[in-house]
Amino acid sequence: MAEAANQKREEHFDVLTRTGEKTGLTKPRSLVHRDGDYHRAVHVWIFAENTQELLLQRRADGKDSWPGLWDISSAGHISAGDSSLVTASVTNNGTFINNEFNDVYLVTTLDQIPLGAFTFQDSEVSAVKYISWKEYKNLLAKEDPDYVPYDVTGRYSQLFDILSERYKENAEARSFSIQNQLDRYVPIRLDAELNELTEVDRKALSLLIKAAMVIDEIFYLQVWNSNPILRDWLKERSELSNLDKLKWMYYSINTSPCSALDENKAFLTTADSAVKLCEKCTKPVPGWKGLEYRAAFPMAKPPGANFYPPDMDKNEFEVWKNSLKDDQRDSATGFFNVIRRHGESDVGASSFSSACYSIDTVAKSIPDLYMLPFSQAYKPFLAKASELLHNAGDLTDSPSLKRLLNGKADAFLSNDYYDSDIAWMELDSKLDVTIGPYETYEDALFGYKATFEAFIGVRDDEATSKVKLFGDQLQDVKGPQTVAFNLPNDERIVKDRGTSMVMLKNVSEAKVNSMS
């Protein structure tokens with residue numbers, strides 16, 4: 001009973017496959033290390049940009065692995081991140097087998113953190129120090145006995161490669177590189193013919209443009225959670241230098257730090273990112289205003305965008321989805337919600353019973369995921385957009401446009417888009433409005449979740465009549481700039497009503513003219 005009680009209190013880990021996916025099983029820490037089960041850990045490196053130094057900690061003498069040796073800034077068995085490095089080690093005469101997938105994070109501060117700001121946990125850390133990252137790499141390469149070993153010739157070398165590449169290029173070389181990326185695009189001016197709009201529709205158009213700008217804010221947030229912060233930072237600094245101007249111009253095209261024409265490879269690094277201040281992250285130190293750090297972003301565009309927890313893999317999602325009732329399963333793969341995590345907890349501990357616990361028992365772990373409707377996830381933005389659409393609907397004298405705008409405004413708050421999409425299919429108005437969550441391209445993980453978008457057009461009746469003659473033969477046009485779209489994607493509406501294609505005439509003409 002005493003042993004069982006101790007096992008109940010012990011930290012539990014998710015057991016992973018050899019490829020790093022969650023098996024759905026959890027085991028106590030001691031059993032995971034005894035049996036050599038694959039599990040996940042997080043390595044956090046703290047880097048001072050202005051001095052080019054890494055922060056190291058000296059492990060406490062009582063640690064069960066690598067006691068008294070200098071190690072990374074911080075580490076722990078926490079399920080976080082979406083890219084891992086595998087390490088395997090055996091210590092304590094083979095009784096401690098460590099098969100870890102290490103999610104490695106590099107936290108970049110502007111300056112060193114004063115040593116007086118640290119509070120040590122005596123059982124974990126005995127001291128800290130800063131060291132040049134190049135010197136540290138050399139010590140590891142020489143297998144210095146005072147430092148926990150890491151293979152700097154293997155995949156862990158990525159850490160040092162990133163630091164080397166991040167600060168290697170000068171401003172002139174980077175400007176040349178981004179300018180070459182920009183030169184692949186042709187700047188054009190888009191004009192619309194507004195003469196046939198009524199006075200009330202012109203007023204409604206002004207409100208619709210404002211609503212579209214609110215929708216843009218949601219899109220930035222859906223692509224990546226820190227995207228709005230990076231955008232504002234780059235815009236504020238865009239006039240400081242030619243390089244800053246080019247970074248802002250290319251970011252504006254891609255709406256993220258990743259280049260769409262280069263398989264979403266990042267064209268910015270954390271060194272380009274926003275500087276944030278955390279005044280209460282540590283103990284107060286006289287004369288020090290607090291921790292200034294770079295708002296980091298992933299090396300690669302997150303495949304799940306900001307629709308799922310960053311540490312969630314496909315297998316975990318499937319385990320969770322299969323635990324739901326049938327109607328909830330459909331919602332889990334639906335267009336109009338995001339998947340979030342309930343916060344960290346001792347997963348699986350409540351499944352153990354001290355009366356029947358055996359040393360080799362494992363528990364089935366149901367991931368702590370839940371669905372959050374768009375109407376709640378983006379409530380402040382959708383409330384504003386809804387108000388603008390209602391106001392525009394009150395102004396217009398087109399019955400079908402009034403129905404669409406009021407229906408879409410209600411859908412933003414109810415999260416039920418069926419009626420408003422039917423209204424969009426039946427729209428017969430000079431103002432052609434497409435606004436809301438539609439395409440799922442940003443969800444590269446599953447293709448389930450829809451991103452918000454807005455297209456405000458003025459219908460060209462003559463061109464529309466011509467398009468109708470061969471509309472069934474048109475194909476979707478792919479590329480960075482949308483020239484046509486075919487909606488909605490709701491299978492219920494597609495089955496009953498089909499779809500409707502919208503062609504953007506001025507965009508298509510501009511594309512053709514730029515090629516002639």
Side-chain angles (χ1 to χ4, degrees), residues 190 204-238 247-258 260 264 268 272-276 295-298 301-302 304-310 335-340 371-393 404-415 417 420 424 433-444 448-457 480-482 485 487:
L190 295 179
L205 176 61
S206 177
L207 294 175
L208 291 173
I209 292 174
K210 291 180 180 179
M213 294 174 70
V214 175
I215 295 301
D216 273 352
E217 292 295 316
I218 301 178
F219 177 80
Y220 275 101
L221 191 58
Q222 287 182 304
V223 170
W224 171 53
N225 63 343
S226 294
N227 212 16
I229 297 173
L230 177 62
R231 176 200 60 193
D232 294 345
W233 172 264
L234 293 174
K235 184 177 180 180
E236 290 171 4
R237 298 173 59 85
S238 61
K247 288 190 291 189
W248 168 241
M249 291 172 64
Y250 201 52
Y251 173 88
S252 299
I253 292 173
N254 290 280
T255 62
S256 88
C258 302
N264 284 321
L268 298 176
D272 303 307
S273 194
V275 174
K276 302 180 70 176
F297 48 81
K301 190 173 183 179
N306 195 24
F307 297 120
Y308 309 94
F335 293 124
F336 310 128
N337 60 64
V338 295
I339 308 301
R340 294 291 181 253
M371 290 171 277
L372 185 65
F374 282 173
S375 55
Q376 296 181 34
Y378 312 119
K379 186 174 182 179
F381 301 106
L382 291 176
K384 180 61 177 177
S386 176
E387 178 185 2
L388 289 165
L389 291 190
H390 272 309
N391 291 342
L404 169 65
L405 297 181
N406 287 322
K408 193 65 72 175
D410 291 340
F412 284 167
L413 303 183
S414 70
N415 217 54
Y417 288 87
S420 65
W424 182 81
V433 181
T434 303
I435 189 168
Y438 286 106
E439 304 290 10
T440 61
Y441 302 129
E442 290 295 324
D443 181 3
Y448 293 152
K449 307 305 177 185
T451 48
F452 279 83
E453 56 190 291
F455 290 90
I456 314 299
Q481 175 59 60
T482 301
F485 50 88
L487 296 172

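Sequential numbering from 1 along the given sequence is applied to the chain's residues. Remember, predicted model here, so these are calculated numbers, not experimental data.
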Colleague: What distance do Tyr378 atom OH and Ile215 atom CD1 have between them, rounded to the nearest 0.5 Å?
Modeller: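 Between atom OH of Tyr378 and atom CD1 of Ile215 there are 11.0 Å.
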Colleague: Which pair of non-hydrogen atoms, one from Leu389 and one from Ala211, has the smallest distance, and what is that distance?
Modeller: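 For Leu389 and Ala211, the tightest heavy-atom pair comes out as CD2-CB, 3.9 Å.
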Colleague: Identify the two heavy atoms, one from Ala411 and one from Tyr417, that lie closest to each other, and give their separation to 0.1 Å.
Modeller: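 For Ala411 and Tyr417, the tightest heavy-atom pair comes out as CB-CD2, 3.6 Å.
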Colleague: Report yes if some heavy atom in the side chain of Ile456 is under 4.5 Å from a heavy atom in the side chain of Val433; otherwise report no.
Modeller: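 Yes, close enough: below the 4.5 Å cut-off.
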Colleague: Taking only residues two or more places apart in sequence or in another chain, which ones pass side chain to side chain contact (heavy atoms under 4.5 Å, CB included) with Lys384?
Modeller: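 Partners of Lys384 under the side chain to side chain contact (heavy atoms under 4.5 Å, CB included) test: Val214, Glu387, Leu388.
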Colleague: Shortest non-hydrogen contact from Asn254 to Ala260?
Modeller: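 Where Asn254 meets Ala260 most closely, the heavy atoms are OD1-N, 2.7 Å.
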Colleague: Roughly how far, to the nearest 0.5 Å, is CG of Leu208 from CD1 of Ile435?
Modeller: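 Nearest 0.5 Å value for the CD1-CG distance: 7.0 Å.
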Colleague: What is the distance from atom CG of Leu405 to atom NE2 of His390, rounded to the nearest 0.5 Å?
Modeller: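 The NE2 atom of His390 is 10.0 Å from CG of Leu405, to the nearest 0.5 Å.
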Colleague: Measuring from atom CG of Asp272 to atom CZ of Arg237, what distance do you get when rounded to the nearest 0.5 angstrom?
Modeller: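 It comes to 9.5 Å.
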Colleague: Which pair of heavy atoms, one from Lys408 and one from Ser420, lies closest together, and at what distance?
Modeller: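 That would be NZ-OG, 3.2 Å.
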Colleague: About how many Å separate OG1 of Thr255 and CZ of Phe219, when rounded to the nearest 0.5 Å?
Modeller: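 These two atoms lie 4.5 Å from each other.
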Colleague: Cut-off 3.5 Å, side chains only: do Asn306 and Tyr220 have a donor facing an acceptor?
Modeller: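 The answer is no; no qualifying pair exists.
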Colleague: With ring pair (Phe, Tyr, Trp, His ring centres under 6.0 Å) as the test, would you mind laying out the steps for Phe452 and Phe381 before giving the verdict?
Modeller: CA-CA 11 Å; Phe452 279 83; Phe381 301 106; 9.7 Å; no
Colleague: Answer whether the closest heavy-atom distance between the side chains of Lys301 and Trp224 falls below 4.5 Å.
Modeller: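 No, side chains not in contact.
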Colleague: Kindly give the heavy-atom pair with the smallest separation between Asn415 and Pro373, and that separation in Å.
Modeller: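 Taking Asn415 first and Pro373 second, the nearest heavy atoms are ND2-CB, 3.6 Å.
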Colleague: My understanding is that only residues two or more places apart in sequence, or in another chain, count here; which of them pass side chain to side chain contact (heavy atoms under 4.5 Å, CB included) with Ser273?
Modeller: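 Expected list: Leu230, Ala295, Phe297.
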Colleague: Taking the side chain as everything from C-beta on, heavy atoms only, tell me whether Thr440 gets closer than 4.5 Å to Lys449.
Modeller: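 No, too far: nothing below the 4.5 Å cut-off.
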Colleague: Please confirm whether the backbone N or O of Ala383 pairs with a side-chain atom of Ser386, one donor and one acceptor, at under 3.5 Å?
Modeller: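 Looks like no, no N/O pair under 3.5 Å.
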Colleague: Atom CG in Asn227, atom CD in Glu217: separation rounded to 0.5 Å?
Modeller: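 Taking CG in Asn227 and CD in Glu217, the distance rounds to 10.0 Å.
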Colleague: Are the side chains of Arg340 and Tyr308 in contact, using a 4.5 Å heavy-atom criterion?
Modeller: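 They are not in contact (no side-chain heavy atoms under 4.5 Å apart), so the answer is no.
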Colleague: State whether the side chain of Glu453 and the backbone N or O of Thr434 hold a donor-acceptor pair below 3.5 Å, judged by distance alone.
Modeller: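 Checked: no pair found.
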Colleague: Looking only at non-hydrogen atoms, find the nearest pair between Gly393 and Asn406 and report the distance.
Modeller: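 Taking every non-hydrogen atom into account, CA-OD1, 4.4 Å.
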